[in-house]
J.: 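To start, I am sharing the structure in question, which I have written as structure tokens.
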Amino acid sequence: MAEPDTWQLEGAAAELYERYLVPAVTLPWALDLVDRVGLERGDSVLDVACGTGAVARVAAIRVADGGRVVGLDVNEGMLSVARSLSQPEGASIEWVDGSALALPFGEDEFSVVLCQLGLQFFSDRTATLREMRRVLVPGGRIGASVYSAIERNPATHALSAALDRHVGENASRTKRSEHSLADVEQLRSLFVAVGFDRVEIETVERIVRFASVDEYVRVQFAATPVAAVLIGFDPHERERLVAQVSVDVGSKLARFQTASELAFPQEVHVARATTSSSL
């Protein structure tokens, strides 16, 4: 997903991420991002911070067997899961262990760069975007999504407040960092500063579905960096804290819970831009 000091999932956590978060969150947003960028047959695509590969797999189908798709991530656990999954019909996918801060590719190597819900985590966003621009051909396209303000994402907002209340002050720091690039003008300025042209940003909302509040909370503790806040607690205390957080979150999300599912809105900003065709 992102750089190693902010997003590391290994072993079972990466598998749980693919099993629960990809169908509910990552894949629907991947389909949305690819549609907005408009991949074409034969495109060469780099998926930066690819995680377990949802965007890359969608891209492979769209560019077909005449295209090229590379998924890059610093997290070997996530890449291991990506490599273990069935290859979709279309372009073959190359999985690369590498940092977005120093992309291991030459100049003008890709026609499209995609980055889904990862840009906010990079320690140097300007350097990351500069690298993405470097590997794009003249006239190449970039599409990147980031979460909008936490206040506009009720599940994350409720979870963050519950973590601070029951686990400890600033227990939500990692979760809140997902929304650290929520200001549209800040986001736009990053793309403009490194020389991207025709920067367009859309704010998009989707409904995210889990079986229940309890499932949502437990997946967050099992398959995201939220798990780190329980390190040091014994199993009994961990279970008590998870249960308390779940009840607290449930009270805040009651309006989104039905007898059969939890269905809440999630909002992201999608940025699209191009490189100058004169480069």
Side-chain angles (χ1 to χ4, degrees), residues 1-3 6-7 17 20-38 47-51 54-55 58 100 113-126 128-129 132 141-164 170-194 196 198-210 213 216-217 219-220 223-226 249 252-253 255-256 262-273:
M1 293 295 294
E3 295 304 280
T6 54
W7 188 288
Y17 176 93
Y20 292 104
L21 285 179
V22 168
V25 179
T26 310
L27 180 57
W29 283 122
L31 292 164
D32 183 272
L33 178 63
V34 168
D35 284 344
R36 291 178 193 281
V37 173
D47 176 15
V48 176
C50 67
V55 171
V58 173
V113 170
L114 302 173
C115 182
Q116 173 167 278
L117 302 175
L119 184 60
Q120 67 268 31
F121 293 115
F122 295 120
S123 58
D124 190 333
R125 297 158 181 169
T126 298
T128 298
L129 285 171
M132 294 179 186
R141 314 190 303 285
I142 185 172
S145 58
V146 298
Y147 286 114
S148 69
I150 193 170
E151 294 80 8
R152 298 189 60 82
N153 287 270
T156 309
H157 199 200
L159 176 63
S160 296
L163 288 170
D164 291 341
N170 293 324
S172 69
R173 180 178 59 84
T174 298
K175 197 64 185 169
R176 292 181 187 274
S177 71
E178 294 180 4
H179 302 265
S180 61
L181 199 48
D183 183 271
V184 170
E185 291 312 309
Q186 179 190 10
L187 181 61
R188 186 190 312 278
S189 68
L190 287 171
F191 283 84
V192 172
V194 300
F196 279 108
R198 294 188 290 177
V199 180
E200 300 178 358
I201 299 175
E202 298 176 83
T203 300
V204 186
E205 180 184 287
R206 296 189 64 85
I207 300 300
V208 172
R209 303 177 189 278
F210 284 87
V213 169
Y216 166 73
V217 170
V219 167
Q220 294 295 314
T224 81
V226 171
V249 172
K252 301 297 192 301
L253 300 184
R255 67 189 185 279
F256 303 116
L262 173 70
F264 56 85
Q266 191 174 71
E267 188 179 87
V268 307
H269 302 313
V270 181
R272 295 176 297 164

J.: How far apart are the C-alpha atoms of Leu119 and Leu129, what are their side-chain angles, what is the distance that settles it, and do they pass the side-chain contact (heavy atoms from CB on, under 4.5 Å) test?
T.: CA-CA 9 Å; Leu119 184 60; Leu129 285 171; 4.1 Å; yes
J.: Roughly how far, to the nearest 0.5 Å, is CZ of Arg173 from CG of Asp164?
T.: 11.0 Å
J.: Could you tell me which residues satisfy ring-ring contact (aromatic ring centres under 6.0 Å, His included) with Phe264, sequence neighbours excluded, listed by chain and number?
T.: Tyr216
J.: Which atom names give the shortest non-hydrogen contact between Leu253 and Pro154, and what distance separates them?
T.: CD2-O, 3.7 Å
J.: Can you sort out the partners of Arg272 under salt bridge (charged side-chain N to carboxylate O under 4.0 Å, His left out), two or more places apart, ordered by chain and number?
T.: Glu200, Glu202
J.: If we ignore hydrogens and angles and just use 3.5 Å, is the side chain of Ser145 paired with the main-chain N or O of Leu117 as donor and acceptor?
T.: yes
J.: With sequence neighbours left out, write down each residue that passes ring-ring contact (aromatic ring centres under 6.0 Å, His included) with Tyr147, or none if nothing qualifies.
T.: His179
J.: Does any part of the side chain of Tyr17, heavy atoms only, come nearer than 4.5 Å to the side chain of Thr26, both counted from C-beta?
T.: yes
J.: Take atom CZ of Arg152 as the centre, draw a 6.0 Å sphere, and report whether it contains more than 12 heavy atoms from other residues, nucleotides or ligands.
T.: no
J.: Under a 4.5 Å cut-off applied to non-hydrogen side-chain atoms, are Arg209 and Ile207 in contact?
T.: yes
J.: For the side chain of Arg125 and the backbone of Leu181, is there at least one donor-acceptor N/O pair under 3.5 Å apart?
T.: no
J.: Nearest 0.5 Å, what's the CG-OG distance between Asn153 and Ser160?
T.: 10.0 Å
J.: Look up atom CD in Glu185 and atom CD1 in Ile201, then write down how far apart they are to the nearest 0.5 Å.
T.: 7.0 Å
J.: Which heavy atom of Val249 sits nearest a heavy atom of Leu159, and at what distance?
T.: CG2-CA, 3.7 Å
J.: In Å, rounded to the nearest 0.5 Å, how long is the span from CG of Leu27 to CG of Leu21?
T.: 12.0 Å
J.: State, yes or no, whether a side-chain contact exists between Leu187 and Val199 at a heavy-atom distance under 4.5 Å.
T.: no
J.: Give the minimum heavy-atom separation between Ala149 and Ala182, together with the two atoms involved.
T.: N-CB, 3.3 Å
J.: Does Arg198 CZ have over 12 foreign heavy atoms under 6.0 Å away?
T.: no
J.: From Ile142 CD1 over to Cys115 SG, what is the distance, rounded to the nearest 0.5 angstrom?
T.: 7.5 Å
J.: For atom CZ of Phe256, is the number of surrounding heavy atoms from other residues, nucleotides or ligands below 6.0 Å larger than 12?
T.: yes
J.: Between Ala30 and Gln116, what is the shortest heavy-atom contact and its length?
T.: N-OE1, 2.8 Å
J.: Might you point out which heavy atoms bring Ile150 and His157 nearest each other, and give the distance in Å?
T.: O-CB, 3.5 Å
J.: Looking only at heavy atoms, what is the nearest atom pair of Arg141 and Val37, with distance?
T.: NE-O, 3.6 Å
J.: Starting at OG of Ser148, measure out to CD of Gln266 and round the result to the nearest 0.5 Å.
T.: 8.5 Å
J.: So do Thr126 and Leu190 actually touch side chain to side chain, heavy atoms under 4.5 Å?
T.: yes
